[in-house]
> 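The structure under discussion is supplied below as structure tokens; questions concerning it will follow.
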Amino acid sequence: MTKSPVRVFLVDDHSMFRAGVRAELDTITDDIEVVGEAGTVGEAVAGIGHLNPDVVLLDVHMPDGGGAEVLRQARKSHPEVVFLALSVSDAAEDVIAVIRAGARGYVTKTISSQELATAVVRVSEGDAVFSPRLAGFVLDAFADRPGAAPISDPELDLLTPRERDVLRLLARGYAYKEIASELFISVKTVETHVSSVLRKTQLSNRYELSRWASDRRLV
């Protein structure tokens, strides 16, 4: 049986940005259908109530109250709707505020179209999705909360478990020979894994990989 596309509602006070996101999502995947959009809190709440989308892509900062206000009003009558914040801001206070208000994830506007599409599908399926380094803010803020949802990082998910093992040791300062000994694999295999990680992360050297791993708390 063919799976129905995820029905998405866009909320952002910049109409050109909404048009761009709609065009990108319509172009790259059949798994998502943009069913509506809004530029103000009032329009958003009304549109969500009328269309009952699966996922709302939600800007954090808008002149008339922002994403947190949309969440506060819309979730009362439509608790089943999932909200994914899409913002230019990567400030810890913005991330924590919108997650506390009920958003299922938070990605920044530097995200690629394909990563955004993947994030939308994932939150619709119950995952919590965050852009790199933002997950750390949430882990810190909700570390003691029972029943916290698992957090997904689209970039980290590209790596195999073995590639993550190699990356973790590399970021801790292990030499290739030491990594090979620790994981019971050959140095050549370590080199192959490192090359694969560099390709997938689009980074160029060990220092950048170490920073990348540190940002995701792999170290």
> Please determine whether a side-chain nitrogen of the Lys or Arg among Asp12 and Lys109 lies less than 4.0 Å from a carboxylate oxygen of the Asp or Glu.
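The answer is yes: the pair qualifies as a salt bridge.
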
> Report yes if the side chains of Ser87 and Asp59 come closer than 4.5 Å at any heavy-atom pair, otherwise no.
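With C-beta onward as the side chain, the pair touches.
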
> Please determine, by modelled atom types, if Thr192 and Ser195 share a side-chain donor-acceptor pair under 3.5 angstrom.
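Distance-only check fails for Thr192 and Ser195.
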
> Side-chain contact, heavy-atom cut-off 4.5 Å: Ser124 with Val6?
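With C-beta onward as the side chain, the pair touches.
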
> Could you tell me which non-hydrogen atom of Thr108 sits nearest to which non-hydrogen atom of Thr110, and how far apart they are?
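That closest heavy-atom pairing would be OG1-OG1, 2.9 Å.
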
> Between Ser89 and Asp94, do the side chains contain an N or O donor and an N or O acceptor separated by less than 3.5 Å?
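Looking only at side-chain atoms, Asp94 and Ser89 do form a donor-acceptor pair, the distance falling under 3.5 Å.
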
> Is any side-chain heavy atom of Leu116 closer than 4.5 Å to one of Leu86?
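When only atoms from C-beta onward are counted, Leu116 and Leu86 do touch, with a gap below 4.5 Å.
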
> Considering only heavy atoms from C-beta outward, does the side chain of Val35 approach that of Pro53 to under 4.5 Å?
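Val35 vs Pro53: side chains touch.
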
> Just so I know, are the side chains of Leu84 and Leu58 near enough to count as touching, which here means a heavy-atom distance under 4.5 Å?
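A side-chain contact is absent here, since even the closest heavy-atom pair is not under 4.5 Å.
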
> For the residue pair Val166 and Val197, establish whether any side-chain heavy-atom pair is separated by less than 4.5 Å.
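They are not in side-chain contact.
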
> Between the side chain of Glu69 and the main-chain N/O of Gly66, is any donor-acceptor distance below 3.5 Å?
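Answer holds: no.
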
> Let me check something: do Val187 and Tyr174 share a hydrophobic cluster, defined by ILVMFWY side-chain heavy atoms less than 4.5 Å apart, either directly or through other members?
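They do share one cluster, since a chain of ILVMFWY contacts under 4.5 Å joins Val187 to Tyr174.
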
> I want to check something: taking the side chain as every heavy atom from C-beta on, are Val8 and Asp54 in contact at a cut-off of under 4.5 Å?
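No, side chains not in contact.
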
> Could you check whether any side-chain heavy atom of Val60 comes within less than 4.5 Å of a side-chain heavy atom of Tyr106, counting everything from C-beta outward?
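Answer yes - side chains close enough.
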
> Might you point out which heavy atoms bring Ala74 and Ile48 nearest each other, and give the distance in Å?
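Minimum heavy-atom separation between Ala74 and Ile48: CB-CD1, 4.1 Å.
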
> Using 4.0 Å as the upper bound for N to carboxylate O, is an ion pair formed by Arg122 and Glu125?
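Judged by the 4.0 Å cut-off on N to carboxylate O distance, Glu125 and Arg122 do not form a salt bridge.
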
> Is the closest side-chain donor-acceptor distance between Ser112 and Glu115 under 3.5 Å?
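Present: a donor and an acceptor within the cut-off.
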
